[in-house]
Amino acid sequence: VPVRCDALARSLSAASDGEALDGRAARHVETCLRCQAELAQYRKLVRVLRALRTEVLSPGPSLAADILTGLERAGERSAARSLLDGRASRRPLALAGAVALGVVAAVVLRSVGDRPAQGAIVGRRRRGQ
Amino acid sequence: VTSDAAVSQPDATAWALPSLVLAARQGDRRAFEELVRATAADTYSLAHRLVGNDEDASDVVQEAYLRAFRGISRFRGDAQFSTWLHRITANCAATHLGRRQRHRHDEIDDEAVVDDHPSRDPEAVAEGRALRDRLTAALAELPPRLRAVVVLRDVYDLPHEAIAAELGITVTAAKVRLHRARKRLREQLFPLPGEEGVGAGPV
């Protein structure tokens, strides 16, 4: 049975990428000018596509900075998450810490309004409890 | 006749970063930031070629580095860092395209390109550029699922298995899409006698 050219198209495309043609296909291509031309064109195409690799599209000037900012933000988010929904055993501790911090902040804020020096002392004492 | 000289040396300098990779794998944040700066343009280029526009490409790049950062300690040093990052980018782009399916941006807009290895012969340069522009336009016309495969295989040299894994398809499907993409591109760029004008039609 003779090989039909259009049945070979996929093999020719694969061959342009280094895959070997099987015996029947190879024998056909040896004698078929059209398939030889098609294979040559596929090889040319793959060469031009490979050449694109050396071309770097220029991103906006702030891309790297934006990526780093995004990483930082994600880092903060995940730190906050792990604080909030940490393991059950650690939860009471984290909760107590957060409450203590809130109390200290409230006291400091209020007393900063009245008498700054004393407020600072109160804040420190509370933290120690 | 085209910029073939450039092909033999893919951007070796940009990826000659083994010590940074090693430091980043051990948790050195500064090293990872250096890696980001050194590789961002390359990652962006791949993302842009996959998704076709600047806005989506920037989103994909952002997501890719986030995943890379989270996974860098698991990155095995025996693989190329560039290949690893390209795979992550491909995966993020596929996810992004899936999400965006309903309002598709399909055209690759014109971008300033930086030629790392300018050839000396101005005529050859012009010829190469014209061919490249036609190729870029033809790539932009491909459906994203065909474009992804040919870009990853022929431009970025990822193995069929890696492409299939990152796009969530079988190796056979990846090969079929690759052939369809190449056939369309070949018919448009290098038509054989009798093929002129068929390139734009359905395949």
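Below, chain A is the first sequence line, B the second, and so on; all start at residue 1.
A:R53 contributes atom CZ, which lies 9.0 Å from atom CG of B:D157 (distance to the nearest 0.5 angstrom). With rounding to the nearest 0.5 Å, the separation of CG in A:L57 from NE2 in B:H48 is 6.0 Å. The distance from atom CD of A:E72 to atom CZ of B:F69, rounded to the nearest 0.5 Å, is 9.5 Å. Note: B:L66 CG to A:R73 CZ = 11.5 Å, rounded to the nearest 0.5 Å. Atom CG of A:L71 is separated from atom CD of B:Q62 by 6.5 Å, given to the nearest 0.5 angstrom. A distance of 12.5 Å separates CZ of B:R132 from CG of A:L49, quoted to the nearest 0.5 Å.
Between A:Q41 and the options B:L189, B:L192, B:L185, a side chain to side chain contact (heavy atoms under 4.5 Å, CB included) holds for only B:L192.
In this view, B:R134 satisfies the salt bridge (Lys or Arg N to Asp or Glu O under 4.0 Å) rule with no residue, not counting sequence neighbours. Not a single salt bridge (Lys or Arg N to Asp or Glu O under 4.0 Å) links A:R27 to another residue, sequence neighbours left out.
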Let me have the donor-acceptor pairs involving side chains of residues 31-38 of chain B, under 3.5 Å, with sequence neighbours excluded, atom names and distances please.
{"residue": "B:E33", "atom": "OE1", "partner": "B:R30", "partner atom": "NH1", "Å": "2.6"}
{"residue": "B:E34", "atom": "OE2", "partner": "B:R37", "partner atom": "NH1", "Å": "2.9"}

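Of the atoms belonging to B:Y65, heavy atoms from both backbone and side chain fall under 4.5 Å from chain A. Of the two parts of B:L135, only the side chain, counted from C-beta on, holds a non-hydrogen atom closer than 4.5 Å to a non-hydrogen atom of chain A. Both the backbone and the side chain of A:I67 have a heavy atom closer than 4.5 Å to some heavy atom of chain B.
You'll find the side chain of B:R180 stays beyond 4.5 Å of the side chain of A:R10, heavy atoms only. When side chains are defined from C-beta on, B:Y156 does not count as touching A:R50, because their heavy atoms never get closer than 4.5 Å. Counting heavy atoms from C-beta on, the side chains of B:S58 and A:D66 never come closer than 4.5 Å.
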Notebook entry, point to check: Can B:H179 and A:Y42 be said to form a side chain to side chain contact (heavy atoms under 4.5 Å, CB included), step by step?
Noted result: CA-CA 10 Å; B:H179 170 60; A:Y42 273 121; 3.7 Å; yes
Next item on the list: Please step through side chain to side chain contact (heavy atoms under 4.5 Å, CB included) for the pair A:E38 and B:R186, ending with a clear verdict.
Entry: CA-CA 9 Å; A:E38 193 171 341; B:R186 184 191 61 68; 3.5 Å; yes
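Annotation for B:R49 and A:E55: closest pair NH2-O, 3.1 Å, computed over non-hydrogen atoms.
Between B:D154 and A:R47, no side-chain nitrogen of the basic residue sits less than 4.0 Å from a carboxylate oxygen of the acidic one, so the salt-bridge criterion is not met.
The contact list for residues 14-23 of chain A toward chain B, using heavy atoms and a distance under 4.5 Å, reads A:A14, A:S16, A:D17, A:E19 by residue number.
In this structure, B:R182 contributes its side chain and A:S13 its backbone to a donor-acceptor pair below 3.5 Å. When atom types are taken as modelled, the side chain of A:R34 and the backbone of B:P193 share a donor-acceptor pair closer than 3.5 angstrom.
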